[in-house]
Amino acid sequence: MDKFLDFFNIYFIGTAQILTGFYFLCQFLNKKLTCFYYVLFTICSFPVIQWISGRTAELLVYFLLLTAGGIFLCRADKVTVLLYAALTIEIMQLCYGIVHSLLHMLYPLMSPYPHKFVGIAILLLGNTALPAAAFCYRLVIRYFLCDEALKKQHVFLILTPILFIFLMGEYISSIIYRTDADVKHDQMLWIQLLGMASLFCMLTAYKKLLENFRLSTELSLLEQEERSLNQYVEEAKTRYERTRSFRHDITNHITVVKELLQGGKTQKALNYLRDMGEMTEGLSFPCCTNNPVADILIGNKLGIAKSIGIDASCSLCLPFPCQIRDIDIGIVLSNALDNAVHACKQMDPHTERFIRVTGRQQGDFLLIEVENSFGGDKLPRKGTGLSNVKAVTERYHGAMSIKTSHAAFTLSVLLIIPQHSEYISQQNH
């Protein structure tokens, strides 16, 4: 019976531990592997771990094996793999430590029962640490995973304390179990529980810190975007001032042309008209939306698109003056067009690439749509740009939707034009 329990504990439970750790490591890394890779990892890892003697050495070897599996099988970033391999080992170590301390405290109560019964009970109860570890892994996946790009930048902020907890736990365990024959398992239980609590506290703080970094980055981007939009506003004002000056002088220009024609100086009249044409070219907008800021912004963005071979068109008509702030219209259009240009750049230059800007006002509703060619089969992840657009739609109690159809991506933004009193309130905020 004892041999069977040892065989079951070594081979079945050992294999389950290896598979559980590697499975959740893949989950942390957001990688999906076929069963072949799990079998391969287990076949390669099991004999190596069994060959090593000593609990600390086994954990270290398992950590190295998880790291190798994450890098070579999952093909993930090395630093991120180190973080999650250490987290996987630490959670499993703490769960088994807590359960074993509890079992040592319960063992005196089980002494009156038969030896075989106690052995089986201890084996089964001891391995409840594995589902407990799986539960903790699920908590990490659900509540503590953050944006991968930010994680790579600040991974050492959490990797260092996790390794510190692991090393301190191993050091405390070795000191207590080697030097004290009468181990106080209640103290070890509290130490293990404190270690688990500290681990989740660090994960919480790390997530909050990354969220602050993300918000700080988004704020910087918004400030940069606002400066760009203010430049569009100033440029629009300049053009309209020049247009107003030209209109003021148009009567004089007509008089000059008329006198030249009456005097028979046809060529001079043609030259004068040509000069007037060159002057008006600097006053016109590539796109005419009825909103000067949008005219400048769309003209610049679509000009960039056309310069790299993207077919671009605009049939957007905006109300002017409008109770929707110019800067909010600019946020919607600039982010939508930046995403559209980026998506078209990723496509094969020999395929059809296009950007179409459309929209209209109907009653108190303003609909803006930006459609572009799209080479993928999945919707893109909502990044900072789309988050900014969504924030504008929420400010005006509207809605934002994205869809793909026939190799085209469409962003639709519906805004409710506020009444005058609401507009004044928004301006004050």
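Just so it is clear, the model here is predicted, and its values are computed rather than measured. We use all heavy atoms of the structure for the numbers below, so side chains are in, but hydrogens, waters and symmetry mates are not.
- Contact of the L87 side chain with the L199 side chain is registered, since non-hydrogen atoms from C-beta on lie closer than 4.5 Å.
- If you take CG on L297 and CG on N300, they are separated by 7.0 Å, rounding to the nearest 0.5 Å.
- Atom OH of Y37 sits in a sparse spot, with 12 or fewer heavy atoms from other residues, nucleotides or ligands closer than 6.0 Å.
- The side-chain heavy atoms of N290 and P319, taken from C-beta on, include no pair separated by under 4.5 Å.
- Proximity of L82 to F63: side-chain heavy atoms (C-beta onward) are separated by under 4.5 Å at one or more points.
- Side-chain contact, Y62 with Q17: no donor N or O sits under 3.5 Å from an acceptor N or O.
- Here I165 pairs with E90, S198, M202 under the side-chain contact (heavy atoms from CB on, under 4.5 Å) rule; sequence neighbours left out.
- The environment of Q346 atom CD is dense: over 12 non-hydrogen atoms of other residues, nucleotides or ligands sit within 6.0 angstrom.
- Between L66 and I89, some side-chain heavy-atom pair lies under the 4.5 Å cut-off.
- Side-chain contact between C95 and M196 is present, with at least one heavy-atom pair separated by less than 4.5 Å.
- E369 and S412 form a side-chain donor-acceptor contact under 3.5 Å, judged by distance and modelled atom types alone.
- Between D311 and R353, no side-chain nitrogen of the basic residue sits less than 4.0 Å from a carboxylate oxygen of the acidic one, so the salt-bridge criterion is not met.
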(request) Test Y11 against F46 for ring pair (Phe, Tyr, Trp, His ring centres under 6.0 Å), laying out the working first. (result) CA-CA 9 Å; Y11 290 94; F46 186 81; 5.5 Å; yes
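- Aromatic ring pairs are classed by plane angle as parallel below 30°, tilted from 30° to 60° and perpendicular above 60°; the pair Y96 and H100 is perpendicular.
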(request) Just do the side chain to side chain contact (heavy atoms under 4.5 Å, CB included) check on M92 and L130 with the steps written out, would you? (result) CA-CA 7 Å; M92 190 167 290; L130 195 57; 4.0 Å; yes
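- Nearest heavy atom pair, residue A408 against residue E371, reads CB-OE2, 3.5 Å.
- Put simply, the side chain of K207 gets close to the backbone of Y143: a donor and an acceptor are under 3.5 Å apart.
- Put simply, the side chain of N335 gets close to the backbone of I331: a donor and an acceptor are under 3.5 Å apart.
- The shortest distance between side-chain heavy atoms of C322 and L318 does not fall below 4.5 Å.
- Note: Y206 and F144 fail the aromatic proximity criterion, with ring centroids not under 6.0 Å apart.
- The main-chain N or O of Y38 is found under 3.5 Å from a side-chain atom of T42 such that the two form a donor-acceptor pair.
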(request) Could you walk me through whether T289 and C317 pass side chain to side chain contact (heavy atoms under 4.5 Å, CB included), step by step? (result) CA-CA 5 Å; T289 66; C317 183; over 6 Å; no
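- Note: F41 and F22 have parallel aromatic rings, judged against thresholds of 30 and 60 degrees for the angle between ring planes.
- Once rounded to the nearest 0.5 Å, the distance linking NZ of K32 with SG of C74 reads 13.0 Å.
- The side-chain tip of R356 points at the ring of F354 from less than 6.0 angstrom away and within 45° of straight on.
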(request) Please assess F28 against T80 for the test side chain to side chain contact (heavy atoms under 4.5 Å, CB included), listing each intermediate value before the final yes or no. (result) CA-CA 9 Å; F28 291 154; T80 308; over 6 Å; no
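- Between L316 and the options L367, T358, I298, a side-chain contact (heavy atoms from CB on, under 4.5 Å) holds for only I298.
- T351 has its side chain out of reach of S373: every pair of non-hydrogen atoms, C-beta onward, lies at least 4.5 Å apart.
- Looking at L386 and N339, their side chains come closer than 4.5 Å, going by heavy atoms from C-beta outward.
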(message) Under the criterion side chain to side chain contact (heavy atoms under 4.5 Å, CB included), I'd like the reasoning laid out for V392 against Y396: C-alpha separation, chi angles, the key distance, then a yes or no.
(response) CA-CA 7 Å; V392 172; Y396 292 93; 4.1 Å; yes
